[in-house]
Amino acid sequence: MNRRPSTFIQLYTLKAIEYRLRFTDMTMQEIANDLNFPNPSFFGKYCKEHLGMTPLEYRMKYHKGI
C-alpha cells in the first residue's frame, strides 16, 4: 500500500473529528480530550490546517444534529 502509518493515523483522526463535529453535540473541549489532543487550541489549529476551517466553522456548515 505504499503509505506510511502516520498517513492512516491522520486519516482516522480526521474522520473521527468530522464525525464528532457533524453528528454529536460534544464541545470542542470534549472532542479534543476524546481524541487525545494536548489542548483545545492545538485541536483548533489541527482542524484549520487539515479541514481548511475551524471546528466551529465546520460544525456550522455540516452539523446534522442527533
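Just so it is clear, the values below take in all heavy atoms, side chains as well, and ignore hydrogens, waters and symmetry mates.
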Pairs satisfying salt bridge (charged side-chain N to carboxylate O under 4.0 Å, His left out), at least one member in residues 52-61, at least two apart: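 Qualifying pairs, neighbours excluded: none.
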Side chain to side chain contact (heavy atoms under 4.5 Å, CB included) partners for Y12, two or more places apart: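 Counting only residues at least two positions away or on another chain, Y12 forms no side chain to side chain contact (heavy atoms under 4.5 Å, CB included).
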Where [X] and [Y] come nearest, the two heavy atoms and their spacing:
X   : Y   : value
D25 : H63 : OD1-NE2, 3.2 Å
T54 : K48 : N-CD, 4.1 Å
E18 : L51 : OE2-CD2, 3.4 Å

Please answer: with hydrophobic residues joined when any side-chain heavy atoms are less than 4.5 Å apart, are [X] and [Y] in the same cluster?
X   : Y   : answer
I17 : M60 : no
L21 : L35 : yes
L56 : M26 : no

Aromatic plane relationship, F37 with F42 - under 30° parallel, 30 to 60° tilted, over 60° perpendicular: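 F42 vs F37 ring planes: tilted.
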pair F43-I31: side-chain heavy atoms closer than 4.5 Å: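 Yes. Closest side-chain heavy atoms under 4.5 Å.
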pair M28-P40: side-chain heavy atoms closer than 4.5 Å: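 When only atoms from C-beta onward are counted, P40 and M28 do not touch, as no gap falls below 4.5 Å.
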Pairwise distance CZ(R22) to OG1(T24) - rounded to 0.5 angstrom: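 Taking CZ in R22 and OG1 in T24, the distance rounds to 12.0 Å.
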Between CD on residue Q10 and NZ on residue K15, distance to nearest 0.5 Å: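 So the gap between those two atoms works out to 11.5 Å.
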Pairs touching residues 32-47 that satisfy side-chain hydrogen bond (donor to acceptor under 3.5 Å, both in side chains), sequence neighbours left out: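 For residues 32-47, and leaving out neighbouring residues, the side-chain hydrogen bond (donor to acceptor under 3.5 Å, both in side chains) pairs sorted by first residue read R20-D34, Q29-N33.
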Backbone N/O of I9 and side chain of T13: donor-acceptor pair under 3.5 Å: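 Pair found, side chain donor or acceptor close to backbone of I9.
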